[in-house]
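Report on the following structure.
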Amino acid sequence: MKTIGLIGILVLAATAVARSQGRPTLAFRGDAGFVWVRSDSAAAGAVGAARLRGPVLGGEGRLVFSGFTVGLGLSSGTLQAADQGTVKRDLIEGRLVVAARPLPWLEMSVGPFVRAYVTDSVTERWVFWQARARVDAPIVTASLTSYVELWRALSSQVNLVAGAGRVQGGEAGVVYRPPQRPFSLRLAYRMDDAAVAGNGSGSQTLEAISLAIIVGGR
Amino acid sequence: MTRATLVLALSLLLCGARASRAQSASELLGAGVRAYQALEYDAAAALLERSLGRDSAGGLADSLRARALTYLAATELFRGQRDSAVAAFRQLVLLDPRYRPDELIFPPQVTNLFQEVRRATRAIAVAVPPVTELRTRLERFTARVLASSLTDVTVTLAQEDGTPVRQLYSGPVADSVLVAWDGLTAAGAPADNGRYVLRVTPRIPTADGPRACQVVLEVKQERPDTLAWPPALTTPPLLPERTSTGPAFRSLAAGLVTGAAVVALPSLMARGKEATGARFAVGAAVGVSGLIGFFARKPRPLDANVRANASLRDTWKKKLEAVKAENAARLRTMRLVVRAGPETIAERGSP
């Protein structure tokens, strides 16, 4: 099912690229952020209840053509227990996104999202198929723009015994495009909430703030 | 015979009698002239006196009346009735001070007597067109003042109640003088609607001097068309002179709403879960960016538009002044219609 969806997305993107009369443009984003993870899924068989935090670095590349965007992103960091304990986990996130702009201020996107918490012994892996909606609100035209993006998982899967429940989240921030400069700066706050299925078996929330530099894609 | 037929017959008889009387005045004049030419002076005098004796409705017109008086005076002169001849000529001079007997028809003793009577009979008259339309200041109503001999006269225009309006002429009249009136009062305003009296009076009234004469003038104003004022300047064509407040407030709203969304995001998407204070820092930053946007896009004057509008306003004011000036000129040159009544002889001592 997921394979079929992925193929469909790629076909849609390829068709859009083929139809696009303008020359596609590339945009790259580099992120540096800090993440807080609050996991309360020990009862469900997860790695364990923990409060973790740590820096994360990431990047994303986007191909933009005729109002469509195909993007591929990856971020990674090492989280430590908030209480200075010895618990450590690597956080790895990756996603593929196909987006379209039906309106100048609205972007709709879909795509798979993978998040993994890796320890020496076990890897907790979440896979979502997300539907996202992003609204851009210019503060100063072509220079300063705020945005709010919300998403919800169309389907979710986790390698926990209990399985994945509802997964949703949001991000809001501001993008500054200095005049006569080829890059933009973005400050954002993100909040994800992933519930584990079962009888009150817990959840996992992820908070992040990030500062990003975006090159190209104007 | 029915009553209707009787009434119709009587009407026809009355109309026929009136027609025959009007006809007979000119026929009597013709017969009198023929009798004069045949040297039948007694018959001529009788016929001419009868032609002059008719009432004005069925009588002779002024031109024929002047002709009849001339022939009657000549007839009386040749009959040896000099006083009667003088009286006839005197009536003739009073009737028309400019009338002169034809020297090809009448012998010198007749014309000489006429000149003698004319010099002794000082008469003045005024002739005006029956209807005159004029634009005040620009055009003139004209009246010809006639005098049988050199006379000093004053021509005045007054309201019907005697209130003076304007003096039009004061000076001598040897034969005739053309007096013009531009439709204005002494104050320079167009004459109001109403009845006016154009009066010609001798400057030095004497018992045997000419009597004043006058004509009643019915004056009616016809307001001229005036131009409409140019339409008031609005936007457009005026350009906005300041930027709108809308973008500034939209920027502020975008920043504040997004900042609030950042702060509220955990409550919306992870209800009941704890969240760090990091969101407040980001929310504040976004909110401050909204304030920056507000001040960056606050209303400011658009100098180019201000200059363009000043030029438009100047042009509009010039147009308005031009229209006002044109309207004022049109109102100053109001159109008057002057209808003249018959000339009458003023009573002695009347104002």
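Throughout, a chain's letter reflects where its sequence line sits, starting with A, and its residues are numbered from 1.
- Within the 4.5 angstrom heavy-atom criterion, only backbone atoms of B/Leu268 (N, CA, C, O) approach chain A.
- Chain B forms the most heavy-atom pairs under 4.5 Å with one residue out of A/Val135, A/Asp193, A/Ile139, and that residue is A/Ile139.
- In this structure a side-chain-to-backbone donor-acceptor pair under 3.5 Å is present from A/Arg38 to B/Glu274.
- If you take CE on B/Met269 and CE on A/Met191, they are separated by 9.5 Å, rounding to the nearest 0.5 Å.
- Put simply, the side chain of B/Thr276 does not reach to within 4.5 Å of the side chain of A/Ile209, judged on heavy atoms.
- Shown here is B/Arg339, whose CZ atom has no more than 12 heavy atoms of other residues, nucleotides or ligands within 6.0 Å.
- For chain A, the nearby parts of B/Ala275 are the backbone and the side chain; heavy atoms of each come within less than 4.5 Å.
- Here the OH-CG distance, from A/Tyr189 to B/Leu265, works out to 6.0 Å after rounding to the nearest 0.5 Å.
- In B/Arg335, the CZ atom is crowded: over 12 heavy atoms of neighbouring residues, nucleotides or ligands sit closer than 6.0 Å.
- Within the 4.5 Å cutoff, no side-chain heavy atoms of B/Thr258 are placed close to those of A/Val174.
- Other residues, nucleotides and ligands contribute only 12 or fewer heavy atoms inside 6.0 Å of the CZ atom of A/Arg125.
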Derivation and outcome, side-chain contact (heavy atoms from CB on, under 4.5 Å), residues B/Val282 and A/Leu187: CA-CA 7 Å; B/Val282 177; A/Leu187 176 65; 4.2 Å; yes
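- At a 4.5 Å heavy-atom cutoff, the contact between A/Gln168 and chain B is made by backbone and side-chain atoms alike.
- In this structure, B/Arg279 contributes its side chain and A/Arg190 its backbone to no donor-acceptor pair below 3.5 Å.
- Contact tally against chain A (heavy-atom pairs below 4.5 Å) for B/Gly255, B/Pro266, B/Ala261: the top residue is B/Pro266.
- Applying the 6.0 Å contact sphere to CG of B/Asp225 captures no more than 12 heavy atoms from other residues, nucleotides or ligands.
- Each of A/Ser143, A/Gly173, A/Ala194 has some count of heavy-atom pairs under 4.5 Å with chain B, and the biggest count is that of A/Gly173.
- Only the backbone of A/Tyr147 comes within less than 4.5 Å of a heavy atom of chain B; no side-chain atom from C-beta onward does.
- Contact of A/Arg166 with chain B is made through the side chain alone, with heavy-atom distances under 4.5 Å.
- Between A/Thr205 and B/Lys273 the shortest side-chain heavy-atom distance falls below 4.5 Å.
- Here the shortest heavy-atom pairing between B/Ala254 and A/Pro138 reads CB-O, 3.9 Å.
- Enclosure of atom CG in B/Asp314 by more than 12 non-hydrogen atoms of other residues, nucleotides or ligands within 6.0 angstrom is indicated.
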